[in-house]
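Numbered from 1 within each chain, the chains take letters A, B, ... in sequence-line order. Below, all heavy atoms of this structure are taken into account, side chains as well, without hydrogens, waters or symmetry copies.
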Amino acid sequence: MVSDNTTLSIYNTLSGKKERFQPIEPNKVRMYVCGMTVYDYCHIGHARVMVGFDVITRFLRHIGYDVTYIRNITDVDDKIFARAAENGEPFEDLTARFIDAMHEDERALSVLPPDQEPRATAHMGQIIAMIETLIEKGYAYAAENGDVYYAIDKFEAYGRLSKKKVEDLQAGARVDVEVQKQNPLDFALWKAAKEGEASWDSPWGKGRPGWHIECSAMSTCCLGDTFDIHGGGPDLKFPHHENEIAQSEGATGKTYVNVWMHAGAVRVNKEKMSKSLGNFFTIREVLEKYSAEVIRYFLISSHYRSQVDYSESSLAEAQSALDRFYQAIRGLEPEDFEGKELSSEYTERFKAAMSDDFNTPEALAVMFELVKALNIARQKEASDQVRILAATLREMGDVLGILQTDPEQYFRGTTTDGMPDAEIEAWILRRKTARENKDWAESDRIRDVLAEQGIVLDDGKGGTTWRRQ
RNA sequence: GGCGCGAUAGCAAAGCGGUUAUGCACUGGAUUGCAAAUCCACGUAGGCCGGUUCGACUCCGGCUCGCGCCUCCA
């Protein structure tokens, strides 16, 4: 149950401002997010959408909403066919492989699985039915070549989401106009099969769906004609989401979506990270150097709507910041986190920050203030206070999908190369003896030996701990 | 060209019409065999020009610069 005093505001692309969120059904949120076209590995831009909407889902659930989160998989597409042909393999093999890879990346990033991941290939019936409805209602027409197009002139609100005027779009329209279209801005709902290409039977002959129609068909199928939130990456606003609205509202005659949410772009050297520019870094590539949690922290350290610059130094900085959180809980026992009592002072501020359009930077600021209080409490050995603050911090971390790792494991890292743990422990034991004998020269020599291997020793009250740099 | 978004201290990044954001980095101190971590101390930053106001980083207008979309892209 969502408490009565909860006021959640969300920026709606449709209105261009933050609005008080009002679900269609009390306590329930139905959300659809456009997912990946699976012909290659996910990059950091994809990670932003995955993590962003994961945090949104976690927070909505945290404040009591029953969330149905749907994120589709596009497994029919020109690029998929092209890549499969290049590889000389059936397209299903290609997509199966990259769906697995995507799930691996997601698990690494602690992204909770959506409730459903509908695939275009599994919804041909609904897709064809929606196209038929659009033709019946006069929003679409079948061309002689077997393609079916959406007639954008028939849909009055076309351009409302992306704030574009049809005339302006026409002025800038590309010249390679397909003659079969009534208006150059009309888009394909169904594409006639090309020679030797995978295809499905339809009333218009063998073919396959256009890109936009699958989302209209699958979202409606999973969530109903009208639902609460539709999200996606920044480059989907136009034409993809604009076309979705035209299709769904044309077919159902009802409002398609109440709140449209778009993530900000990830940039590299001031340019948008994108497949076409080729300036992308895949998630697994970055994982070779930084932990998934660092990537996740980097992505939530700026607001989901703002653009972020991806760079080595921003990841290094994310790591330093995350280290501070883990230092604060390092050495605490599991039971220190189990307390039922939380600090309302901090939880209220955290909730207020997150309720303001999911302001994660503000939420993190609250957590850092809590960390300071926790460090002071630990210094004073105020164990009750330590337990309350540690439990509070851990719960906030859970909402953001961070701080759930054992601190020692976090600092030791997961690399299997380098000096084995047992050898490190052996060195530490030798150093312990040297220190007991006040043999500082030997003690420092061992520290240097390990430092060469990237191992940093920390002498604490309870003994020496170590971490990999 | 059309439409939209942004410009905050060394770097990153938020809120807010008047009171320390926060993190990283830096400097001094406490602590430590030495370190690390931690704590204490230390920064009035808000592209430029006008306007509204008792008071503006925060509201309004103009300008400059940057970015995004207008084509497949998360």
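- Of the candidates B:rC67, B:rA74, B:rC72, B:rC72 carries the atom nearest the A:P239 side chain, counting heavy atoms from C-beta on.
- Among the nucleotides B:rC34, B:rG15, B:rC39, the one closest to the side chain of A:D459 is B:rC34.
- What separates CD of A:Q379 from C1' of B:rU32 is a distance of 13 Å, to the nearest Å.
- In this structure, A:G232 reaches the sugar-phosphate backbone alone: every heavy-atom distance under 4.0 Å involves primed, P, OP1 or OP2 atoms, never a base.
- In this structure, A:Y297 atom OH and B:rG23 atom P are separated by 9 Å, rounded to whole Å.
- Shown here, B:rU22 forms a base pair with B:rA12; the pair counts as Watson-Crick or G-U wobble because both key distances fall under 3.5 Å.
- Across B:rC67, B:rG33, B:rC70, the shortest atom-to-atom separation from the side chain of A:S443 is found for B:rG33.
- Rounded to an integer number of Å, the gap from CD of A:Q307 to P of B:rG4 is 17 Å.
- For the pair A:N279 CG and B:rC73 C1', the interatomic distance rounds to 11 Å; values are reported in whole Å.
- Proximity of the aromatic rings of A:F227 and A:Y256 is defined here by a centroid distance below 6.0 angstrom, and this criterion is met.
- No more than 12 heavy atoms of other residues, nucleotides or ligands sit less than 6.0 Å from atom CG of A:N269.
- RNA chain B is contacted by both A:K18 and A:G264; A:K18 maps to the nucleotide lying nearer its 5′ end (nearest heavy atom per residue).
- Taking each heavy atom of A:W190 and A:W200 in turn, the nearest pair found is CZ2-O, 3.6 Å.
- Residue contacts shown for A:R267 are limited to sugar-phosphate atoms, with no base heavy atom under 4.0 Å away.
- In this structure a side-chain-to-backbone donor-acceptor pair under 3.5 Å is missing from A:R71 to A:M36.
- Heavy atoms of A:G35 sit under 4.0 angstrom from primed sugar atoms or phosphate atoms, though from no base atom.
- Distances from the side chain of A:F368 to the nucleotides B:rA35, B:rC69, B:rU22 place B:rU22 closest.
- Distance A:N269 CG to B:rG68 P: 12 Å, rounded to the nearest Å.
- Using a 4.0 Å heavy-atom distance criterion, A:R447 is classed as a base contact.
- Within the 4.0 angstrom heavy-atom criterion, base atoms lie near A:S276.
- Rounded to whole Å, the separation between the C1' atoms of B:rC54 and B:rU64 comes to 32 Å.
- Summarising the base pairing, B:rA74 is matched to no nucleotide, lacking a Watson-Crick or G-U wobble pair whose two defining distances lie under 3.5 Å.
- Among the heavy atoms of the strands lying under 4.0 Å from A:R435 is at least one base atom, whether or not backbone atoms are also near.
- Using atom P as the reference point in both B:rC5 and B:rC63, the two lie 16 Å apart (nearest Å).
- Comparing B:rG23, B:rC24, B:rG68 by their closest approach to the side chain of A:S320 singles out B:rC24.
- Within 4.0 Å of A:S302, counting heavy atoms only, lie sugar-phosphate atoms of the nucleic acid but no base atom.
- Checking B:rG2, B:rA14, B:rA74 against the side-chain heavy atoms of A:P361 singles out B:rA14 as nearest.
- Aromatic ring centres of A:F187 and A:Y149: separated by at least 6.0 Å.
- Contact check on A:K191 versus A:E197 returns no salt bridge, with no Lys/Arg side-chain nitrogen under 4.0 Å from an Asp/Glu carboxylate oxygen.
- Remark: C1' of B:rG23 and CG of A:N375 are 14 Å apart, rounded to the nearest angstrom.
- Picking from B:rA36, B:rC69, B:rG68 the nucleotide with the shortest atom distance to the side chain of A:K164 gives B:rC69.
- In this entry B:rA56 has no Watson-Crick or G-U wobble partner, no candidate having both defining distances under 3.5 Å.
- The partner of B:rC65, taking Watson-Crick or G-U wobble pairs whose two distances both stay under 3.5 Å, is B:rG6.
- Looking at heavy-atom distances under 4.0 Å, A:Q327 makes contact with sugar-phosphate atoms alone, never a base.
- A:A265 comes within 4.0 angstrom of a nucleotide base, judged by non-hydrogen atoms across all strands.
- Residue A:D444 is in base contact, counting any heavy-atom pair closer than 4.0 Å across all strands shown.
- We find that NZ of A:K163 is positioned 10 Å from C1' of B:rC3, with the value rounded to whole Å.
- A:D78 comes within 4.0 angstrom of no nucleic acid atom, judged by non-hydrogen atoms across all strands.
- Base-pair partner of B:rG28: B:rC40 (Watson-Crick or G-U wobble, both distances under 3.5 Å).
- Using a 4.0 Å heavy-atom criterion, one finds that A:M50 contacts no nucleic acid atom at all.
- A:D384 and A:R387 are joined by a salt bridge, as a carboxylate oxygen and a charged side-chain nitrogen come within less than 4.0 angstrom of each other.
- Among the atoms of the strands shown, base atoms are found under 4.0 Å from some heavy atom of A:H43.
- At the heavy-atom level, A:R431 lies under 4.0 Å from base atoms of the strands shown.
- Rounded to whole Å, atom C1' of B:rU32 lies 15 Å from atom CG of A:L457.
- A:C34 and A:C215 get closest at one heavy-atom pair: SG-SG, 3.8 Å.
- For B:rG33, there is no paired base (Watson-Crick or G-U wobble, both distances below 3.5 Å).
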